[in-house]
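First the structure, in the form of structure tokens, and then the observations on it.
Letters A, B, ... mirror the listed sequences (proteins, then strands); counts begin at 1. What you are looking at is a predicted structure, and each value in this text was computed from that prediction instead of being measured.
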Amino acid sequence: MPELPEVETIVNDLKKNILKKKISGVEILKKKIVRNSPQTFKKTLVGDSFQKIFRRGKYIFIELKNADKTIVVHLRMTGQLIYQKDKKIVAGGHSQGDELEFSNKHTHVIINFKDKSQLFYNDVRQFGFWQLISSDEMAELDNKIGIEPLSREFSYVYFKNLLTDKNSNIKSFLLDQKFIAGLGNIYVDEALFLSRISPYRRLNTLNNKEILSLHRAIKNILAKAIFSRGTTFNDYVDASGNKGSFLAFLNVYQRDKKKCKRCKKENIKKVKIAGRGTRYCPACQK
DNA sequence: CTTCTTGTTACTGA
DNA sequence: ATCAGTAACAAGAA
């Protein structure tokens, strides 16, 4: 499940590879993924090039150079963006043994560049999407997305003000993209663990010390996960098709029924909160 | 066979 | 207005 660190990793990888290259062709293999008509989408892209790529929350924005349009991509649960240079054919006709083929039956969009390199969009569950939008639509979308948790603007004071006068459950609040952008199920559970706060808590019961601790935990966990190039336990891979290595550092996610690494007293428990599978330590998260 | 999973939106009802 | 709950989307794993 790509959350902020995974999307950040993909975008940083793609930044090195897909910009300023002429697009020679576009293949749309599953129509529902692209929210524009295939004709419009192809006509806009072919002959143009990508000028800029950046992340906002879990969204990826790719600006075109000539057309006054931006592509927005959301990977939802199982979307992958994988860049592949053209397959080199070794003399003798057989391809190199460790050459990976990244297109498969779940490849729904392919961008072909003039230099023969390719960008694949794979998505097992097909919930992700691509859409060409105007700068107005882009501003509108940007407005709906909350603050970037790694930005300077996301200060302790900002966080505290965001919580003030709200009465919701902490878990659903942290997952809500209109408040803070980019947190998903994994990093919300991990941040709550780090700050020793139970996922059952309500916002108006948090004291200053807890708010400070949670604010620090959010920044911390995201920065560390980016450094490890994200968390892979099934679908997520970076733009080269490689797994992220943050799984080993997780304290609660995917550790149900395993002993808490911190207090070593109880096992990590899995419950359902805000409609989401939630993992926490009943002994050290209060 | 059924149930569960995940991100997001839409909808319903308190 | 705010908040919670659920369905829907698709495919695969258990």
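Side-chain proximity of A:Lys166 to C:dA11, C:dC3, B:dT5: nearest is C:dC3. Between C:dA4, B:dT9, C:dA10, one nucleotide has an atom nearer to the side chain of A:Lys32 than all others, and that is C:dA10. Of the candidate nucleotides C:dA4, C:dA10, B:dT9, C:dA4 has the atom lying nearest to any side-chain atom of A:Ser168.
Contact check, A:Gln177 against B:dG7: no side-chain N or O comes under 4.0 Å of OP1 or OP2. In this model, the phosphate group of C:dA10 is not approached by any side-chain N or O of A:Lys30 to a distance below 4.0 Å at OP1 or OP2. Taking side-chain N and O atoms only, A:Asn167 has no distance below 4.0 Å to OP1 or OP2 of C:dC3. Remark: A:His74 is in phosphate contact with B:dT8, judged by side-chain N or O atoms under 4.0 Å from OP1 or OP2. In this structure, A:Arg202 reaches the C:dA4 phosphate: one of its side-chain N or O atoms is under 4.0 Å from OP1 or OP2. Proximity of A:Lys272 to the phosphate of B:dT6: no side-chain N or O atom is located under 4.0 Å from OP1 or OP2.
Ring centroids of A:Phe159 and A:Phe154 are separated by less than 6.0 Å, placing the two rings close together.
Heavy atoms of A:Asp123 sit nowhere under 4.0 angstrom from any nucleic acid atom. Using a 4.0 Å heavy-atom distance criterion, A:Tyr253 is classed as a sugar-phosphate-only contact. Heavy atoms of A:Lys270 sit under 4.0 angstrom from primed sugar atoms or phosphate atoms, though from no base atom.
For the pairing with A:Tyr280, the side-chain contact (heavy atoms from CB on, under 4.5 Å) check across A:Ile268, A:Val271, A:Ile197, A:Asp189 returns one residue only, A:Val271.
Side-chain atoms of A:Arg125 come within donor-acceptor range of the base of B:dT6, with a qualifying N/O pair under 3.5 Å.
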